[in-house]
Every structure is written in C-alpha cells, then in structure tokens.
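Beneath this line is the structure, given in structure tokens, with notes to follow.
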Number of protein chains: 2
Amino acid sequence: MAKGQFLGEFEQVVLLAVARLEPTGYGATVRQEVEERTGRPVSVGALYATLDRLAAKGYVAVRPGPAEPERGGRPKRFLALKPAGVDALDASRHMLDRMWDGVELRRSASG
Amino acid sequence: MAKGQFLGEFEQVVLLAVARLEPTGYGATVRQEVEERTGRPVSVGALYATLDRLAAKGYVAVRPGPAEPERGGRPKRFLALKPAGVDALDASRHMLDRMWDGVELRRSASG
DNA sequence: TAGCAAACTCTACAAGATAGAGTTATAGTC
DNA sequence: GACTATAACTCTATCTTGTAGAGTTTGCTA
C-alpha cells in the first residue's frame, strides 16, 4: 500500500460537499457546490474520478435515483457519506488542526 | 496548466511544519515534527521530494547552514516560509473553512 | 585514513488531480 | 415510433503529488 491512509486535497473538498448535500446530492450538484463555495473551477472529469475513488474506498454510498419528470436527462446517482467517510473527514480535520495549532502567519505585505 | 493552484494534502502539512519551525527548522526536524504531531510515518524521500516541490513553487526558502560541531553530519539546509507560501496556506485554510462551515458529522457509532 | 553519524540525494513507481470530448438515459414533439 | 433536446454521467489520456528506501555526501573522532 502506497498511501491510502489520508484524504487527498480535492477528495476532502468533494467529500465535504457530499456531506453537506446528502442525501439528495448527486454529481452535478456536488460539482456546483464546490465551485460556488470555493470559487474553484471543477471539471466534470475531475469530479467523477474523485467520486469514484471515494466510493471505491468505501467513503461514499451511491444510490441510483428514479427518472424525473423534468425535461429529459439521465437518472441521477444520489450520494451519501458512509461511516468510514465520516471518520476520514474527522481524521483529516484533526490532523490539520494539530498542525495549525499555534501557528501564526505573518502577512506578506502590510500587517 | 494542470493544477498548480492548490496545495496538496501532504504539501500543506509539510509547509505548516516549516512555518512552525522556521527559521531554524531543516529537513530532519520538519520530518520529526510532522511525525510527532500527526502520528503519521514520513519517509525521508517523501519529505524531501515535497520540500523540493514547495521550494520550486516559491513557497519555501532554503538557506544552507554552516557545519556544526556536533559529531559529523552534513550541513543542514534551513527552511523558511516565503510570502507566497503564507498566501498558499491561507488560501488552503480558507477554502477548507468554507467547505466545513455548518457541516455536522453524525458519528458512525454511538453519538 | 578508517569509521561513524547526520542529513540529504536519487530513482522508480503508485495514487490523486485534471480536462474535455463523447455516451447514455430520459422526456417532449410530431 | 423516430427525432430532438437535455441532463448526467463515462472514458481516455496526461500531469502532479505522494511514497519508499537505498545510497551518497559532509565532516567529526580516533
């Protein structure tokens, strides 16, 4: 095993969006959520690749939704956090908290 | 440009250790700091590779230290955060803060 | 100059991040 | 029922990060 121990940077962001949007969040809304909250552009490929990895690791559950009466469109795949996903987020956060604890950043210009 | 926009997971951790230890931190102490604070084993290769990338991006400054009268050993390379590194840490933190904001994690077992 | 110790370099590869064109599953229209 | 519009997702390819650990270098001590 090379790593597998920790959430990657983007994995963490995506997992948090899933947490926020569950149980009705799905690929497209998760993507939108991340873009809105972070101002960061997210390509479709990046999003789904990450979601797949997260699912493979047992962090998110995927539940196929029914067709909806809107105006065409493929059925959604609803996403939810699994217990292991909760633990992973928790662990990542605590690790960062410990690293940040007591660190004071001098502002680059004009303090 | 493929990414380059954000700090990777381990980059962030290492950069924080540099911040905490500067201006006298160097490879070996940064490694030790990360291991102690996070409980995560850090291989020498992983550490220096990451440090190199961080330096290449202009996030950390490397200052060769003088030989020290201890008991042999190669001269240290002291590390310090550059302004861009401060900004990068700041940006990463704010992005995560926005993602975490308001998220409540249900504990896996026993609340 | 041999031996030892600390600190760092190198090489190779696995895992994660990214992009965007292309595909698929519906629903509406005629 | 064929055709078209849509939303959502799949695929392939490539670049960046993360990881390991053996090996090298520098300089002290004997």
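Letters A, B, ... are given to chains in the order of the sequence lines, protein chains preceding strands, and every chain is numbered from 1.
Remark: K76(B) is not in phosphate contact with dG27(D), judged by side-chain N or O atoms under 4.0 Å from OP1 or OP2. Between R77(A) and dA7(D), a side-chain N or O to OP1/OP2 separation shorter than 4.0 Å is absent. Note on Y26(B): a side-chain N or O is less than 4.0 Å away from OP1 or OP2 of dA7(C). In terms of phosphate contacts, S43(A) brings no side-chain nitrogen or oxygen within less than 4.0 Å of OP1 or OP2 of dT18(C). Remark: Y48(A) is in phosphate contact with dC9(D), judged by side-chain N or O atoms under 4.0 Å from OP1 or OP2.
As rounded to whole Å, 13 Å separates atom P of dC8(C) from atom CD of Q32(B). When the P atom of dG18(D) is taken as reference, atom CE of M95(A) falls 11 Å away, rounded to whole Å. Whole-Å rounding puts the L47(A) CG to dG20(C) P distance at 15 Å. Taking atom CZ of residue R63(A) and atom P of nucleotide dC9(D), one finds them 13 Å apart after rounding to whole Å. Distance, E9(B) CD to dT16(D) P: 19 Å, rounded to whole Å. For the pair R40(A) CZ and dA19(C) C1', the computed distance is 14 Å after rounding to whole Å. Rounded to an integer number of Å, the gap from R31(B) CZ to dA6(C) P is 13 Å. What separates CG of D52(B) from C1' of dT9(C) is a distance of 9 Å, to the nearest Å.
Between the side chain of R53(B) and the backbone N or O of E11(B), no donor-acceptor pair lies under 3.5 Å. R98(B) places a side-chain N or O within donor-acceptor distance of the main-chain N or O of R37(A), the cut-off being under 3.5 Å. Panel note: side chain R20(B), backbone M99(A); a donor-acceptor pair is recorded below 3.5 Å.
Side-chain proximity of A28(B) to dT9(C), dA7(C), dT17(D): nearest is dA7(C).
Between A46(B) and P41(A), the residue anchored closer to the 5' end of DNA chain C is A46(B), taking for each the nucleotide with the nearest heavy atom. Along DNA chain C, the nucleotide nearest to P75(A) and the one nearest to Q12(A) differ in position, and the one closer to the 5' end is contacted by Q12(A). Between F78(A) and E11(B), the residue whose closest nucleotide on DNA chain D is further toward the 5' end is F78(A).
Of the inter-residue distances, the one linking W100(B) atom CH2 with Q12(A) atom CD reads 7.0 Å to the nearest 0.5 angstrom.
Across all strands, R53(A) comes closer than 4.0 Å to base atoms (heavy-atom distances). G45(A) comes within contact range of at least one nucleobase, with a heavy-atom separation under 4.0 Å.
With hydrogens and angles left out, the side chain of R74(A) and the base of dT26(C) share no donor-acceptor pair within 3.5 Å.
Taking hydrophobic clusters as Ile, Leu, Val, Met, Phe, Trp and Tyr residues chained together by side-chain heavy-atom distances below 4.5 Å, V103(B) does not share a cluster with Y26(A).
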